[in-house]
Amino acid sequence: MPETAQFVDPRRWKALIFIALAQLMVVLDATIVNIALPSAQADLGISDGNRQWVITAYALAFGGLLLFGGRIADLWGRKRTFIVGLAGFAAASAIGGAALNTGVLLGARALQGAFGALLAPSALSLLAVMFTDPKERAKAFGVFGAIAGGGGAVGLILGGVLTEYMDWRWTFFVNIPFAIVAAIGAVAVIRDPVESRNTSRLDVPGVLLATSGLVSLVYGFTRAESDGWSAGLTIGLFVAAAVLLIAFVAVESRVKAPLLPLRVVTDRNRGGVYASLGLAIIGMFGLFLFLTYYMQVVKGYSPVRTGFAFLPMVAGMITGSTQIGARLMTRVPARLLMGPGFLVASVGMLLLTQIDLDTSYPALILPGFLLLGLGMGTAFMPAMSLATHGVEPRDAGVASAMVNTSQQVGGAIGTALLNTIAASATTAYATSHAAGAPSRTALQLQSMVHGYTAAIWWAVGILVLAGLIAITMVNAGHQGGGGAVAGSGEGAAEDAIPVMAH
């Protein structure tokens, strides 16, 4: 065997099953609790002011610690980090499900976020170092991309079923069997190449600056949603985030073993992936929230029916990811899948700007969902792969963490930004139409729908921008050979560098 040949793990496809299962658990948790929140609030007596913290505590811990989690994966080993993340996530879920008061529930959500920040980057980086053949990599990332894109909608379905037919606590307890099966499978079949670890000393200043900067940024958008964009605390948090993250970049450019090697993000292709993915998630997260309320409050759907209404979007994502993205990724440059994918999704979003009080699901919402899912699935697949394609193996964990960071921060920004736009438009419509309204209830519903459509118009623009960034910034060739991908064998690091110059 040549000295630079890469080891091919014979159990890699079995490993993919358990990695995908863990990823599904993490992605589900981003939306499954949303459906259960009203029931949990009533059961535990959570105040209206504190209920947002059930979502925010998770987002702050997850978003703030992701880069740290990615570096830990590179340092400890991805398999060990993966298993520790699974065990911790399961334990935190058990605490949340058994919570008897608000404090315990919020603490459990923060713990879930912290262990999720270990789990998510280790899962993605395991794929990056285990699947080195371009065609196999395309299939593996097709599965992973479909789960990353569609898991949130599946969470809405599962959350509806568990809340309606069992109890809100099962939206936490359901994570435990996922974690147990994934952990047992990881111990049995996952091989983590020791030679791909990065054993440099941990960059403590970088950890502190990155974590506090990202927490300030995520929390700033959360406060903007509740307090307004001009509130002193909101502005202060954004200023603090900017100062801390600028200081982080300055430190990373000087230290010997940085938390985030700047070579990971200054690469034109990876930078384009992170930016376009983050923008796409901004548009998607707000949509899930608006359409959940639209279907339940305006259309009168039950939680279960609402969840099943999202199924065509999930089907579209799986089709786009596995049948279009995975098949074309090794033959077509990533920008020609990502750009058109985001633009097709924007057409689906454009259809959804036409929703009204009596909108037909089959005539309007269904085709919108199908286009949205198909476009996002097609774009997500090559984006998730390109984010770690060609990266040096020792940087695979932190490169993977950056994918998750762009998604998590994008989700926080999207929820806050689009909710604020919707709330303002709702209030303005209600004020201007109060005199001629046939009834107070009709006015409230029409104002609500007007607010949603105003926000969805913004989401259309954001998705178009994501598509334009992907087309103009991402200039890598197809991922079907002609260079090495992140691997585990000797010479992988050296061979990986020229790939991104396609």
Side-chain angles (χ1 to χ4, degrees), residues 124 127-128 134-135 137-150 264-265 267-285 287 313 316-350 370-391 399-400 402-407 409-411 414 459-480 482-483 485 499-502:
L124 184 56
L127 287 191
K135 290 186 178 179
R137 184 181 175 91
K139 292 176 184 176
F141 275 88
V143 173
F144 198 84
I147 289 172
V264 172
V265 290
D267 177 273
R268 174 173 176 166
N269 292 288
R270 280 191 288 275
V273 167
Y274 299 145
S276 58
L277 266 184
L279 283 167
I281 292 294
I282 287 175
M284 285 291 288
F285 258 64
L287 179 77
M313 187 192 300
M317 285 181 175
I318 293 171
T319 302
S321 187
T322 61
Q323 300 305 309
I324 300 176
R327 290 176 182 273
L328 296 180
M329 179 179 114
T330 57
R331 289 175 281 177
V332 176
R335 68 180 180 276
L336 298 184
L337 292 172
M338 291 173 61
F342 288 135
L343 293 177
V344 167
S346 72
V347 173
M349 193 77 81
L350 185 64
L370 287 170
L371 287 171
L372 194 59
L374 198 65
M376 292 298 280
T378 301
F380 262 61
M381 223 278 343
M384 299 284 275
S385 178
L386 188 59
T388 53
H389 185 80
V391 74
S400 304
M402 275 301 299
V403 178
N404 288 284
T405 300
S406 67
Q407 291 178 309
V409 172
V460 172
I462 291 168
L463 279 176
V464 170
L465 181 59
L468 293 176
I469 287 175
I471 291 169
T472 55
M473 282 191 66
V474 177
N475 64 355
H478 62 75
Q479 299 176 56
V485 294
V499 175
M500 306 308 291
H502 285 180

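Just so you know, these numbers use all the heavy atoms, side chains as well, and skip hydrogens, waters and symmetry mates. Positions are given from 1, in the same order as the sequence printed here.
Side-chain atoms of Y274 and D267, non-hydrogen and from C-beta on, never get closer than 4.5 Å to each other. The shortest distance between side-chain heavy atoms of L343 and L463 does not fall below 4.5 Å. Counting only heavy atoms from C-beta outward, the side chains of M402 and R270 never approach each other to under 4.5 Å. A heavy-atom distance below 4.5 Å is not found between the side chains of M473 and S276. Side-chain contact between N269 and V273: absent, with no pair of heavy atoms (C-beta onward) separated by less than 4.5 Å. Counting only heavy atoms from C-beta outward, the side chains of I324 and L374 approach each other to under 4.5 Å. Residues M376 and F342 form a side-chain contact, since some pair of their non-hydrogen atoms from C-beta on lies under 4.5 Å apart.
Of all the heavy atoms in P382 and M329, the pair that sits closest is CA-SD, 4.1 Å. In plain terms, the two heavy atoms of A334 and L386 that are nearest each other are CB-CD2, 3.8 Å. Between S406 and L277, the shortest heavy-atom distance links the atoms OG-CB, 4.2 Å. T378 and L337 get closest at one heavy-atom pair: CG2-O, 3.9 Å. Nearest approach of I469 to G272, heavy atoms of both residues: CG2-O, 4.0 Å. For the residue pair A459 and M349, the shortest heavy atom distance occurs at CB-CE, 3.8 Å.
Tested against S346 for a side-chain contact (heavy atoms from CB on, under 4.5 Å), the candidates I462, L372, V464, L465 yield a single pass: V464.
For the atom pair CE (M313) and CG (L371), the distance works out to 11.0 Å, reported to the nearest 0.5 Å. With values rounded to the nearest 0.5 angstrom, M284 atom CE is found 3.5 Å from M317 atom CE.
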